[in-house]
Q: 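The structure is given below, and queries will be raised subsequently.
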2 protein chains.
Amino acid sequence: MTGFIPMPELDAIDRKILSHLQADSRLTMQELADKVGLSVSPCHRRVKLLEERGVISRYVATVDQKALGLHVSVFISIKLARQKEEDLNRFARAISKWDEVLECYLMTGNRDYLLRVVAADLASYETFLKTKLTRLDGIASIESSFALSQVKYSIALPV
Amino acid sequence: MTGFIPMPELDAIDRKILSHLQADSRLTMQELADKVGLSVSPCHRRVKLLEERGVISRYVATVDQKALGLHVSVFISIKLARQKEEDLNRFARAISKWDEVLECYLMTGNRDYLLRVVAADLASYETFLKTKLTRLDGIASIESSFALSQVKYSIALPV
DNA sequence: CGCGATATTGGGATATTTTACCAATGGAAC
DNA sequence: GTTCCATTGGTAAAATATCCCAATATCGCG
């Protein structure tokens, strides 16, 4: 990690800033400054510093899943035939390219990966399985669990 | 659903807008307009419409999990003792209050809920379990699966 | 306590960006 | 072709971000 920029401890104000920006990144600097008890200038500088140091990694718009017609959410447990580093990397590269895969974790326990995948309906999920996932080499097993509903979905990490 | 605002079909330009804003919501209208092949005015109007109709639900900053010292990601499978609507609602309400729980899904199959939880370390995860999750009434079983690493994490739905 | 060095703050000027208005353009129905 | 409707593009005004510099607070050290 050569490009590492040391991040001094986040103080209470930094945490407030992060908390508010995680909830709503369209706040104006004035609004944000008011909420955290600073004037605009230092608030602005803190935000820029948090960005430069990678504490704030990006700003994104969140889109409504139903509005896009993506009615199916699936969790997929995957075991690989072998778990050598090269196998893991190959798998990671493949799934990273697929937009349907929103999350993928390397897991402890009796599966290797856990994926969260979205699709318009069961038919297009089947297409994803048949044309993409099952075509990967080195997969020992695939097990799909379907979500009936999303009870909570948050991007905001606890600060 | 009385407040429903009908959303006409999203055309190719709307989808491009959503795609770009999901990747980077700090694009200026000028930049976004260039990318989607419009001038600023119509691009701006489309974005506002997507916001009003709830297709774009919010704008958020994403924060680096490691920078916050949240080194533990856990998936928790939960079975309830009973699955009556009231039990489900009670569980959902409790879960929704806890910042450690980033995602929660009602599932088909042999568990009722799947949760994604983050914590600073195993000790604070244990605290979460002991002081919050296991204190809920009506839980039949809890099973934790730990993530070794996050291979992919995206907020961008496929458009 | 007191002093200096350093980091942080606040205000104000300027540059950018957003936003609203209105005329112009394009496409579909007839 | 012509009319109507939806959408576009340009422009100007308002809101916001950004930068600079002086003022203030904080910390280390005698």
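All values below were derived from every heavy atom in this structure, side-chain atoms included, with hydrogens, water molecules and symmetry-related copies excluded. Protein chains get the first letters and strands the later ones, always in sequence-line order, with residue 1 at the start of each. Everything quoted here is computed from the prediction, not taken from an experiment.
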Q: Please state how far atom NE2 in A/H44 lies from atom P in D/dA17, giving the value in whole angstrom units.
A: 8 Å

Q: Got a sec, which residues hit side-chain contact (heavy atoms from CB on, under 4.5 Å) with B/E126, two or more places apart in sequence or on another chain?
A: B/K130

Q: Can you list the residues that meet the side-chain contact (heavy atoms from CB on, under 4.5 Å) rule with A/R58, with sequence neighbours excluded?
A: A/V60, B/T62

Q: Tell me the interatomic distance from A/L49, atom CG, to D/dT18, atom C1', rounded to whole angstroms.
A: 15 Å

Q: Strictly below 4.0 Å, heavy-atom distances to any atom of DNA chain C: list the hits from residues 16-37 of chain A, or just say none.
A: none

Q: Distances under 3.5 Å between protein N/O atoms and the N/O atoms of nucleotides 10-14 of chain D, please, pair by pair.
A:
from: D/dG10; atom 1: N7; to: B/S41; atom 2: OG; distance (Å): 3.1
from: D/dG10; atom 1: O6; to: B/S41; atom 2: OG; distance (Å): 2.2

Q: Picking from A/I13, A/I56, A/V36, what satisfies side chain to side chain contact (heavy atoms under 4.5 Å, CB included) with A/L18?
A: A/I56

Q: Check A/L136, A/L114, A/L115 against A/I78 for a side chain to side chain contact (heavy atoms under 4.5 Å, CB included) and give me the one that passes.
A: A/L115

Q: Only counting residues at least two apart or in another chain, list the ones meeting side-chain hydrogen bond (donor to acceptor under 3.5 Å, both in side chains) with B/R45.
A: none

Q: Nearest heavy atom decides the nucleotide; on that basis, is A/L38 or B/K48 closer to the 5' end of DNA chain C?
A: A/L38

Q: For the helix from C/dC1-D/dG30 to C/dC30-D/dG1, figure out the bend between the end axes, five pairs an end, and round to 10 degrees.
A: 40°

Q: Do A/V63 and B/L50 come close enough that some side-chain heavy atom pair is under 4.5 Å?
A: no

Q: Can you tell me how far the CG atom of A/D14 sits from the CD atom of A/E9, to the nearest 0.5 Å?
A: 10.0 Å

Q: Side chains of residues 142-159 of chain B: which donor-acceptor pairs under 3.5 Å do they make with residues two or more places apart or in other chains?
A:
from: B/S144; atom 1: OG; to: B/Y125; atom 2: OH; distance (Å): 2.6
from: B/S145; atom 1: OG; to: A/R111; atom 2: NH2; distance (Å): 3.0
from: B/Q150; atom 1: NE2; to: A/Y105; atom 2: OH; distance (Å): 3.1
from: B/K152; atom 1: NZ; to: A/S96; atom 2: O; distance (Å): 3.1
from: B/K152; atom 1: NZ; to: A/W98; atom 2: O; distance (Å): 2.8
from: B/K152; atom 1: NZ; to: A/V101; atom 2: O; distance (Å): 3.1
from: B/S154; atom 1: OG; to: B/A156; atom 2: N; distance (Å): 3.0

Q: For a 4.0 angstrom threshold against heavy atoms of chain B, report the outermost contacting nucleotides of DNA chain C in 5' to 3' order.
A: C/dT17 to C/dA20

Q: Holding to side-chain hydrogen bond (donor to acceptor under 3.5 Å, both in side chains), I want the full list of residues that pass it with A/S73, two or more places apart in sequence or in another chain.
A: A/Q65

Q: With sequence neighbours left out, what residues match B/R135 under side-chain contact (heavy atoms from CB on, under 4.5 Å)?
A: B/T131

Q: Tell me every residue that passes side-chain contact (heavy atoms from CB on, under 4.5 Å) with B/T28, counting only those two or more places apart in sequence or in another chain.
A: B/Q30, B/E31

Q: So, taking the atom named CD1 in A/I95 and the one named CZ in A/R90, what distance separates them when rounded to the nearest 0.5 Å?
A: 13.5 Å

Q: Between C1' on D/dA6 and CG on B/D11, what's the gap in Å once rounded to a whole number?
A: 12 Å

Q: Using side-chain hydrogen bond (donor to acceptor under 3.5 Å, both in side chains) as the criterion, list what pairs up with B/K132, not counting sequence neighbours.
A: B/E100

